[in-house]
**Q** 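Take this structure, written in structure tokens, and hold onto it; I'll ask about it next.
In what follows, chains carry the letters A, B, and so on, assigned in the order in which the sequence lines appear, proteins first and then strands, with residues in each chain numbered from 1.
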2 protein chains.
Amino acid sequence: MKYTEKLRNSGLRPTKQRLQICEVLFDTEKTFHFTINELSLKIKKQIDNKISLATIYNTVHAFEKKGYLKQIPINSNETYFDTNVCDHHHFYDLKKEKLIDLENADVGPIDIKRKIDGKKIKSVEILVKLED
Amino acid sequence: MKYTEKLRNSGLRPTKQRLQICEVLFDTEKTFHFTINELSLKIKKQIDNKISLATIYNTVHAFEKKGYLKQIPINSNETYFDTNVCDHHHFYDLKKEKLIDLENADVGPIDIKRKIDGKKIKSVEILVKLED
DNA sequence: ACACTTTTTTAGAATCATTATAAACTACAT
DNA sequence: ATGTAGTTTATAATGATTCTAAAAAAGTGT
Ligand SMILES: [Mn+2]
Ligand SMILES: [Mn+2]
Ligand SMILES: [Zn+2]
Ligand SMILES: [Zn+2]
């Protein structure tokens with residue numbers, strides 16, 4: 001199995017459920033953004049057996065902790081995740097409530113001039129809100 | 001009263017509760033970031049009568065719609081608001097779970113090269129996550 | 001002041017994404 | 001095969017937010 005190794009190396013047992021969720025998340029041409037609800041529907045469509053909602057939450061959080069998923073800060077009642085874990089930025093279409101990737105090349109260099117004592121920059125993310 | 005005019009001009013009746021919330025939000029040296037829960041505690045401390053939680057939610061949303069408050073996109077179970085409605089960016093101290101304003105002068109010019117057909121840019125916000 | 005309409009406040013209920021619980025199940029080492 | 005820790009699951013609990021509908025307050029006209 002394609003993801004068995006990856007999971008083992010992360011200290012996660014390669015269970016049937018996790019492997020199936022890996023397929024849904026990572027066996028795609030393109031990366032994508034999703035909420036837990038959207039992922040849950042996607043799994044139902046692509047997989048024959050049922051995976052409980054609790055397991056989906058558990059797995060998404062486990063994968064996020066391991067760096068295989070990223071949470072996107074956005075004002076919504078649902079949490080958004082991203083299978084694209086490279087540094088990149090986002091458009092947010094307010095009407096459609098959809099995220100669009102902004103490649104790093106799509107944004108000029110970002111210069112953060114201020115420093116905070118004793119703190120390091122972990123990430124720099126731009127959110128560009130779009131209206132009609 | 002200081003805020004009566006401002007509320008009337010916005011089509012909001014200057015009620016006792018709204019005027020008191022205005023004082024808590026806007027009668028300060030510096031702007032600040034808050035969650036509804038934090039604001040609720042602040043109101044309890046600063047004013048003698050009780051304002052119901054529903055009114056605090058209603059008022060904050062009304063003020064946000066009128067542009068007197070801004071919501072800050074951040075990954076938290078609580079919504080963060082900002083009394084600083086000028087364009088600006090944020091540090092987010094992951095340990096303390098606190099936002100810190102980044103003045104526009106603290107950030108070099110931002111160049112968004114990509115365009116989306118039929119969409120206008122409404123805002124561009126940077127979130128800089130800080131770790132130890 | 002009074003009558004009338006519209007907006008606002010409020011306590012409490014409802015919603016709903018998320019997290020916790022704890023029992024059954026599974027992976028894996030010995 | 002047995003033991004142990006990790007995982008899944010149905011279900012309950014949590015908690016921020018929104019809804020409801022009745023009472024109160026604000027605004028308008030007379
Ligand atoms: Mn959320
Ligand atoms: Mn929220
Ligand atoms: Zn993305
Ligand atoms: Zn701010």
**Q** Let me have the donor-acceptor pairs involving side chains of residues 121-132 of chain A, under 3.5 Å, with sequence neighbours excluded, atom names and distances please.
**A**
{"residue": "A/Asp132", "atom": "OD1", "partner": "B/Lys119", "partner atom": "NZ", "Å": "2.8"}
{"residue": "A/Asp132", "atom": "OD2", "partner": "A/Lys95", "partner atom": "NZ", "Å": "2.6"}

**Q** Could you tell me the separation between the CD1 atom of A/Ile36 and the P atom of C/dC16, rounded to a whole number of Å?
**A**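 That distance rounds to 18 Å.
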**Q** When the distance from CD1 of A/Ile51 to P of C/dT26 is rounded to whole Å, what number comes out?
**A**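 Rounded to whole Å, this separation is 14 Å.
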**Q** Roughly, in whole Å, what's the span from CZ in A/Arg18 to P in D/dT9?
**A**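 Answer to the nearest Å: 11 Å.
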**Q** Report yes if at least one side-chain N or O of A/Lys50 is closer than 4.0 Å to OP1 or OP2 of D/dA10; otherwise report no.
**A**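 The answer is yes; a side-chain N or O of A/Lys50 sits under 4.0 Å from OP1 or OP2.
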**Q** What integer distance in Å separates B/Leu53:CG from C/dA13:C1'?
**A**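 My rounded result for the distance is 14 Å.
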**Q** Please confirm whether the shortest side-chain N or O distance from A/His61 to OP1 or OP2 of C/dT19 is below 4.0 Å.
**A**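 Yes, within the criterion.
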**Q** Report the residue (B/Tyr80 or A/Asn58) whose heavy-atom-nearest nucleotide on DNA chain D is the more 5′ of the two.
**A**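 Its nearest nucleotide being more 5', the pick is A/Asn58.
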**Q** At under 4.0 Å, does any side-chain N or O of B/Thr55 touch on OP1 or OP2 of C/dT8?
**A**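 For C/dT8, OP1/OP2 do not have a side-chain N/O of B/Thr55 under 4.0 Å.
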**Q** With a non-hydrogen cut-off below 4.0 angstrom, is B/Asn37 in contact with a base, only sugar-phosphate, or nothing?
**A**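 Result for B/Asn37 = nothing.
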**Q** Over how many whole Å does the gap from A/Ile56 atom CD1 to D/dT9 atom P extend?
**A**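 Rounding to the nearest Å, CD1 of A/Ile56 and P of D/dT9 are 9 Å apart.
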**Q** Rounded to the Å, how far apart are B/Gln17 CD and C/dA11 P?
**A**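 These atoms are roughly 10 Å apart.
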**Q** Any donor-acceptor pair under 3.5 Å between the side chain of B/Arg13 and the base of C/dT6?
**A**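 Indeed there is one.
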**Q** Does a side-chain N or O of B/Thr15 approach OP1 or OP2 of C/dT7 to a distance below 4.0 Å, or not?
**A**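 Looking at the OP1 and OP2 atoms of C/dT7, neither is under 4.0 Å from any side-chain N or O of B/Thr15.
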**Q** OP1 or OP2 of D/dT18 sitting under 4.0 Å from any side-chain N/O of B/Tyr57?
**A**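 No, no such contact exists.
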**Q** Would you mind reporting whether A/Tyr80 and A/Pro73 have side-chain heavy atoms less than 4.5 Å apart?
**A**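 No, their side chains stay 4.5 Å or more apart.
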**Q** What residues, two or more places apart in sequence or in another chain, satisfy side-chain hydrogen bond (donor to acceptor under 3.5 Å, both in side chains) together with A/Glu38?
**A**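 So A/Glu38 forms a side-chain hydrogen bond (donor to acceptor under 3.5 Å, both in side chains) with A/Lys98.
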**Q** Check whether any side-chain heavy atom of B/Phe34 lies under 4.5 Å from a side-chain heavy atom of B/Lys42, and answer yes or no.
**A**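 No; the side chains remain at least 4.5 Å from each other.
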**Q** Could you check whether A/Asp101 pairs with A/Lys30 (Lys NZ or Arg NE/NH1/NH2 to Asp/Glu carboxylate O, under 4.0 Å)?
**A**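 Looking at A/Asp101 and A/Lys30, the cut-off is not met.
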**Q** Whole Å only: how far is the CG atom of A/Asn77 from the P atom of C/dT18?
**A**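 Those two atoms, CG and P, are 8 Å apart.
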**Q** Provide, to the nearest angstrom, the distance between the CG atom belonging to A/Leu7 and the P atom belonging to C/dT26.
**A**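 These atoms are roughly 18 Å apart.
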**Q** By nearest atom, which of the nucleotides D/dT17, C/dG12, C/dT18 is closest to the B/Ala54 side chain?
**A**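 Looking only at heavy atoms from C-beta outward on B/Ala54, the closest nucleotide is C/dG12.
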